[in-house]
Amino acid sequence: MTTQTPTLAGAPHKGRAARAGSRIRSSSWARELALVPAIALAMIVGAILSPQFLTANNILNNILVTSAVLGIVVVAESIILISGYFDLSLESVVGLAPMLAVWLVLPAASGGSGWGFSVWAALAVMFLLSIVVGLINGTLVAKLKLNAFIVTLAMLILMRGLTMGLSGGQTLSGLPPEFLALGSTRWFGISIQIWLFALILIAAAVFMRSHPVGRKLYAMGGNNAAAAAAGIKTTRLTIGVFVAGAIIAAFAGLMLTGRIASVTASQGDGLIFTVFAAAVIGGISLNGGKGSMIGALCGVLLLGIIQNILVLSQVPSFWIEAIYGLIILGALIFNYLAGSKQSRRVV
Amino acid sequence: MTTQTPTLAGAPHKGRAARAGSRIRSSSWARELALVPAIALAMIVGAILSPQFLTANNILNNILVTSAVLGIVVVAESIILISGYFDLSLESVVGLAPMLAVWLVLPAASGGSGWGFSVWAALAVMFLLSIVVGLINGTLVAKLKLNAFIVTLAMLILMRGLTMGLSGGQTLSGLPPEFLALGSTRWFGISIQIWLFALILIAAAVFMRSHPVGRKLYAMGGNNAAAAAAGIKTTRLTIGVFVAGAIIAAFAGLMLTGRIASVTASQGDGLIFTVFAAAVIGGISLNGGKGSMIGALCGVLLLGIIQNILVLSQVPSFWIEAIYGLIILGALIFNYLAGSKQSRRVV
Amino acid sequence: MVTSEPTHAIEIRGLQKAFGFTQALAGTDLLVRPGESRALLGRNGAGKSTLIAMLTGLVKPDAGIIRIQGADGQVHEGSGADSIACVYQKSTLVNDLTVAENISLGAYPRKKWGAVDWQGIRSTAVEQLTEWGYGHIADRPVGDLEPLEKKIVEICRALSRGPRILLLDEPTAGLDEGGSHELFAQINSLRQRGVTVIYVSHHLEEIFKVCDSVTILRDGKDVLTAPTSELTVDKIVNVMAGVTDEEASAQSRAKEEQARLVQRREPGEVVLEVTNASVGHRVLGVDLLVRAGECVGLTGLDGAGHIQLAQAIAGQLRLDGGTMVHKGKPLGTGNEIDAINAGVGFVPEDRHVNGYVPEMSVEENATLSIVDRLRSAGGLINAKKRRRLFNELSGTWAIKCDGPTQAVEELSGGNQQKVVLARALASRPDTLVLVHPTAGVDMTAKESIYESLQSLRDSGKSLLIVSADDNDLAICDRVVVMYKGTIHAELAAGYEEWELVGAVQGAEEAAA
Amino acid sequence: GSSTSADGEPTVGFSAGVLDNPFTAGLVKSVVNQANEGGLNMLPASNAEGDPAKQVTDFNTLITQGVKGIVTIPRDSDAIVPAIQAANQANIPVVTVDTAANGGDVYMNIRADNVAMGTSVCEQIGELVGGKGTVLELHGALSTTSGFDRNKGFHDCMQSKYPDVTIIAKDTNWESAKAVEQAQTVLSTSPVDAVFLASDSVMLSGVQTVLQDQGKWVPAGQSGHLPLVTIDGSSGSLQGIRDGYVDAVVSQPVDLYGKYGVSYLKDAIAGKEYQVGPTDHNSEIVEYEGNLADMLPSPVITKDNVDDESLWGNQQ
Ligand SMILES: Nc1ncnc2c1ncn2[C@@H]1O[C@H](COP(=O)(O)OP(=O)(O)OP(=O)(O)O)[C@@H](O)[C@H]1O
Ligand SMILES: Nc1ncnc2c1ncn2[C@@H]1O[C@H](COP(=O)(O)OP(=O)(O)OP(=O)(O)O)[C@@H](O)[C@H]1O
Ligand SMILES: [Mg+2]
Ligand SMILES: [Mg+2]
């Protein structure tokens with residue numbers, strides 16, 4: 001705009017405004033799909049390295065099925081991260097919840113409690129446990145204002161310990177068919193694990209994108225004080241978010257148990273690192289308020305594809321981990337170079 | 001202009017001015033020593049549970065020696081956290097650095113490289129590696145503005161992988177005496193590990209408290225944009241902080257190797273969780289700009305004391321982890337209740 | 001470095017900067033002689049703050065030349081010379097550090113062995129702050145300060161650096177009258193010592209007190225540079241808005257016409273009744289009534305308690321004593337949600353702290369307090385409804401942005417403020433409590449904000465405007481003046497300026 | 001798929017549960033070497049990094065690659081079952097090494113009995129302390145099969161055979177640093193008459209420094225000797241026996257795992273069938289969880305047989 005064409009107050013930027021809606025602000029999609037170039041690159045590399053990579057069987061049964069449980073926990077963690085918090089204890093819920101359910105059902109001879117709970121009663125107790133865990137985490141964080149990292153770390157250690165105590169370190173197997181169904185059922189030739197992941201992901205995406213509560217979580221994570229000043233019930237939402245996270249993680253644990261047809265005392269151990277990696281690579285900010293479920297999905301897929309390629313490739317076993325780290329580092333840099341380098345406004 | 005009786009420069013608050021040295025810094029003693037009640041409680045419990053707890057032998061050789069390596073890594077992580085960043089890869093430096101040094105020195109028959117490096121040359125290479133690691137982390141974070149969590153996580157995986165590749169999964173032992181000296185030397189009857197920890201802690205505490213660079217790190221962590229606006233060279237400091245962290249962690253790794261008289265392929269694995277726990281319990285904020293080395297020390301000691309009590313006690317192995325988690329949770333709540341529930345000032 | 005004799009302290013030519021599709025600066029020139037005090041004016045989003053940030057090196061230009069005359073008299077190419085000190089529009093303090101340390105931030109005095117000299121830090125701070133009457137806050141963490149105190153710390157920091165060039169980006173936004181006086185006195189004494197000053201403000205009357213000359217930016221270009229003596233407020237406003245004087249007078253005639261047509265309703269029944277309210281040692285037993293269709297001003301010096309009273313009404317602070325009744329129902333205390341539900345809207349004092357969610361879109365921020373009302377049948381948010389509502393709001397408040405989905409943090413300061421205003425209004429409150437509602441808003445936009453507020457009042461809403469800005473108070477039906485925690489005077493509309501000044505200072509005659 | 005390599009050798013896969021400890025690392029190398037020498041084309045071992053679910057995926061990926069047979073070190077005996085079933089469906093024979101599978105059709109489980117190892121240690125220590133006193137047991141992670149079984153064998157035997165022996169059991173999570181920490185604290189605060197290390201390759205050198213520190217690193221026969229019995233049989237522990245510091249070691253048959261793992265896999269591809277009964281290599285094939293298991297002996301090593309060439313610890 002030049003000085004020769006004076007404009008009236010209120011209408012000064014017609015020209016700019018016109019382009020606005022469609023072009024500039026597509027940046028939200030741009031940000032959600034930021035990983036697509038990296039994923040595409042990974043798929044091309046995979047296809048070159050191994051003829052099996054691009055088969056439906058490999059993509060469905062190896063990449064997607066493996067990513068399902070991880071992906072669901074990532075959904076749970078992403079909701080919590082977007083809300084401005086942290087939950088390390090999700091990985092221990094993945095272990096403890098199914099361990100408790102199975103332990104309640106199994107006879108003492110198989111390492112269970114011998115109390116003969118029905119499957120549904122056991123599941124009810126399991127979800128109750130998750131709710132209690134979420135309530136404790138949420139209350140300590142929201143009401144006592146304790147640091148979420150340290151609260152959920154303590155909770156993680158406690159629950160991992162409970163899993164160990166309950167099972168006596170043993171793997172429980174011989175599960176009732178209801179549990180196994182979660183691992184082996186197929187619909188239209190595709191594993192139920194993929195369907196469930198898709199379902200939960202879509203539900204979470206719609207919820208976070210379009211439900212008032214989802215938007216409140218974004219606001220809370222972006223600026224807790226401003227959210228509170230806008231009348232958002234931050235305490236209640238914080239507790240709710242931890243409870244929801246725990247319930248989803250418990251469900252993911254159940255799915256994992258279905259997949260390996262047993263519960264091990266170490267189920268879930270170390271999972272949280274991968275969960276954070278997928279979420280953060282997928283654009284979820286550790287500082288809250290930023291990121292989307294689609295982005296998180298991209299993060300999960302990228303990690304799944306890289307893992308798959310590494311197993312398909314001929315990398316010597318002892319160097320696989322190093323190569324994995326190198327590839328992630330490479331993907332980060334590639335994505336930086338491919339993406340838009342917007343810096344935040346500072347003053 | 002305020003309406004209260006005008007006062008002359010320097011005169012209005014004589015009493016306060018005298019205390020200036022201690023009060024002027026943000027980290028008041030009260031906050032730094034916030035954990036003292038919890039530590040005191042733990043010590044009382046320890047003394048009741050076990051007659052050996054309060055012996056000099058137990059405190060020096062068991063609690064302090066065990067805490068030394070952890071404590072040094074906590075110092076490194078605290079500096080990075082205070083500066084507003086995150087470094088997960090420190091735990092892998094604890095593993096890779098000594099593995100590299102030992103591998104360079106040892107003959108091929110003992111699993112080493114067989115290149116016959118002298119101990120000092122190997123140490124030089126090792127510190128060079130740490131510097132490179134710090135430079136890469138720092139550059140990616142400061143220049144490319146990549147997320148520190150994910151960069152250092154990739155670096156962690158990469159370096160853990162390198163350790164695995166270098167060692168082929170084997171434990172290297174039969175170390176030259178220079179390495180062992182770091183574990184077994186005693187000065188005035190007290191293990192060198194304690195002396196080194198004390199030295200590094202005091203140096204870091206003085207540096208962060210009284211050196212201009214230390215203060216700049218606090219400013220940077222508290223508000224990066226504000227620090228940059230005040231002319232602080234944040235990019236350079238960020239890189240420096242990652243390099244310093246890696247060097248300190250490498251040294252800690254060397255001490256750990258000296259103590260266990262070998263390097264294992266999994267050395268350091270999982271350490272970072274405990275490091276964060278100690279730092280955060282000790283009052284270091286994950287959001288940067290807050291906390292002190294004295295606080296971090298308190299965090300390390302509290303965890304060390306709890307661990308020690310658990311070992312001395314007769315808790316069965318299967319339940320020890322659960323109890324540990326419960327105690328940490330209890331300590332957090334106790335500290336909340338014991339501490340001044342300082343709310344932010346409202347008027 | 002250039003060898004020729006420097007004739008300009010600041011020389012900017014053809015400066016360009018784009019953020020995405022926004023051209024913040026589009027070939028700006030700026031030449032400032034050493035010792036000159038230059039006002040940099042323009043509407044919200046004209047590019048003033050961007051230009052300032054480029055001078056200090058925080059933002060890198062896309063194209064153009066910046067030359068700055070350093071302390072050594074040499075001319076430095078590029079930005080960020082040591083001889084520059086700056087007060088930015090947005091706070092650049094570190095909350096976790098003390099005031100004293102913030103003032104010396106990055107330029108610590110040292111003792112032997114390079115250790116930081118804490119006593120030196122403290123005495124520098126106390127010396128600077130005492131000039132403002134704030135010597136006692138040196139040891140407090142900045143996070144505990146009130147916005148006004150923060151602003152003073154910020155100014156003290158810039159002044160403590162002994163700059164050759166001082167950049168001030170809306171330094172008086174949030175300052176009270178005493179603070180502004182002190183600032184002008186200090187600027188004038190610096191001018192006498194030959195310091196070059198760039199001064200950004202939307203309070204045009206200030207320009208005439210401290211500036212030799214004026215540069216006006218419009219849409220990222222400098223459209224006028226002239227000595228202050230050749231300009232009037234009206235002229236400046238017209239150039240800023242890009243209208244000719246004739247157009248402007250035609251517009252104002254039209255407005256007056258309109259105003260005459262609108263019938264002022266008499267204030268109705270009491271909507272908000274505060275009785276014997278106390279908050280800490282700040283508010284000591286205050287009674288306040290606000291009626292429907294009434295606009296009440298509330299003012300006072302720093303510490304008079306007017307801001308705390310407003311915060312208490314909005315549920316941000318807990319009352320230590322007294323009661324509040326809103327529309328006949330008791331108003332919960334210390335609970336912002338209750339306040340909103342009861343129909344009290346709030347514009348907070350510091351927009352950066354609790355005014356907006358930085359990375360969220362303009363549209364969502366503006367409708368944040370009413371997300372629940374944007375549901376469609378399925379329980380999900382109806383995006384069309386939200387867009388319609390936002391368009392309404394953005395029209396009312398003249399928010400300049402790239403589009404409804406731009407992040408608020410990318411907006412210029414004044415436009416961020418408008419988003420906060422829009423948000424407060426979105427919930428259609430019966431009572432609006434506004435603290436510093438026009439902080440950082442340009443003259444033209446201010447006028448339209450006043451119009452909007454007046455039409456709200458005329459539609460029967462109650463307004464409580466808490467401000468130190470004369471213009472804000474001028475639209476009020478009456479102004480309540482607080483002094484040391486109690487109500488000291490009440491002035492009906494049409495008061496003389498000296499009456500207000502006197503009352504605010506606690507002068508007895510005004511109370512009579 | 002690439003079921004055979006260029007020179008016609010059948011391609012086989014190897015799925016390891018973990019790789020980051022000396023024992024499995026040695027085992028993996030042994031299996032891969034034997035396979036490639038023995039006319040098989042073995043893909044690089046996949047590493048499940050301790051995650052049973054990843055091991056299921058690794059199996060599926062190997063199946064996708066069309067291997068003719070799979071050798072596996074299961075991460076978990078139960079959790080490996082779905083993986084084995086997937087291989088069964090694809091008609092790919094599976095041989096498990098070290099840890100057995102508790103279901104599915106396994107061609108052969110080659111294993112040494114970890115419970116029996118724990119029992120052997122118990123018998124050695126019971127003798128050494130004369131049936132009474134206090135023993136420090138540094139066990140591995142109880143969530144791993146070997147950690148659990150060794151601990152179980154040791155405790156069950158102690159309870160029944162030496163009820164007067166007190167056990168101080170401490171978890172090391174298979175970490176050297178943790179082992180040192182536990183040994184340091186217990187040995188400096190309680191009277192201990194003997195020490196049992198569940199893995200000498202992980203714990204011995206660290207615990208040695210602790211004992212040296214406290215003046216308890218004394219060869220057998222001299223006063224102040226602390227009886228020490230370990231499992232694994234690393235070269236360091238064998239040297240310890242020669243020098244008298246270590247009293248007995250239960251050696252794992254690592255080389256045999258590699259050798260027979262590969263030979264059984266070749267037999268499986270060739271279609272050979274095995275029955276319950278003694279084998280030609282001094283072991284016994286038994287029925288285990290519905291499959292066959294070749295129970296390799298885990299010899300107890302003392303000063304008498306420490307120089308046996310066939311011990312893996314003597315082969316480096
Ligand atoms: N919530 C709080 N936390 C910590 N210290 C506080 C808090 N509230 C007040 N103080 C301390 O109490 C003292 C008095 O503060 P106060 O704000 O009442 O001063 P004041 O007389 O109102 O000064 P001013 O005129 O600057 O507003 C200060 O030293 C301040 O640091
Ligand atoms: N980091 C950024 N990202 C995107 N847009 C930006 C950024 N910084 C500034 N802008 C845009 O550049 C334009 C100029 O902004 P600037 O802050 O310089 O205005 P200003 O003249 O200071 O306005 P005000 O008077 O409201 O403070 C605005 O349209 C603003 O939205
Ligand atoms: Mg501005
Ligand atoms: Mg004050």
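Sequence lines set the chain letters: A, B, ... in the order given, protein chains first and strands last, and positions in each chain run from 1. Everything quoted here is computed from the prediction, not taken from an experiment.
Of all heavy-atom pairs between Gly288(B) and Asp96(C), the closest is O-OD2, 3.9 Å. The heavy-atom pair separating Ala219(B) from Leu105(C) by the smallest distance is CB-CD1, 3.4 Å. Between Ile232(B) and Gly106(C), the shortest heavy-atom distance links the atoms CG1-CA, 3.7 Å. Residues Gly114(C) and Pro212(B) come closest through the heavy atom pair O-CD, 3.0 Å. The shortest heavy-atom contact between Arg209(B) and Trp118(C) is O-CZ2, 3.1 Å. When all heavy atoms are compared, the tightest approach of Ala226(B) to Thr92(C) is CB-O, 3.0 Å.
In terms of heavy-atom pairs under 4.5 angstrom with chain B, the leader among Asn102(C), Val283(C), Leu58(C) is Leu58(C). Each of Gly214(B), Ala230(B), Gly231(B) has some count of heavy-atom pairs under 4.5 Å with chain C, and the biggest count is that of Ala230(B).
Within the 4.5 Å cutoff, side-chain heavy atoms of Tyr218(B) are placed close to those of Leu97(C).
Proximity to chain B (any heavy atom under 4.5 Å) is shown, for Arg318(C), by neither the backbone nor the side chain.
The backbone N or O of Leu93(C) sits less than 3.5 Å from a side-chain atom of Asn223(B), completing a donor-acceptor pair.
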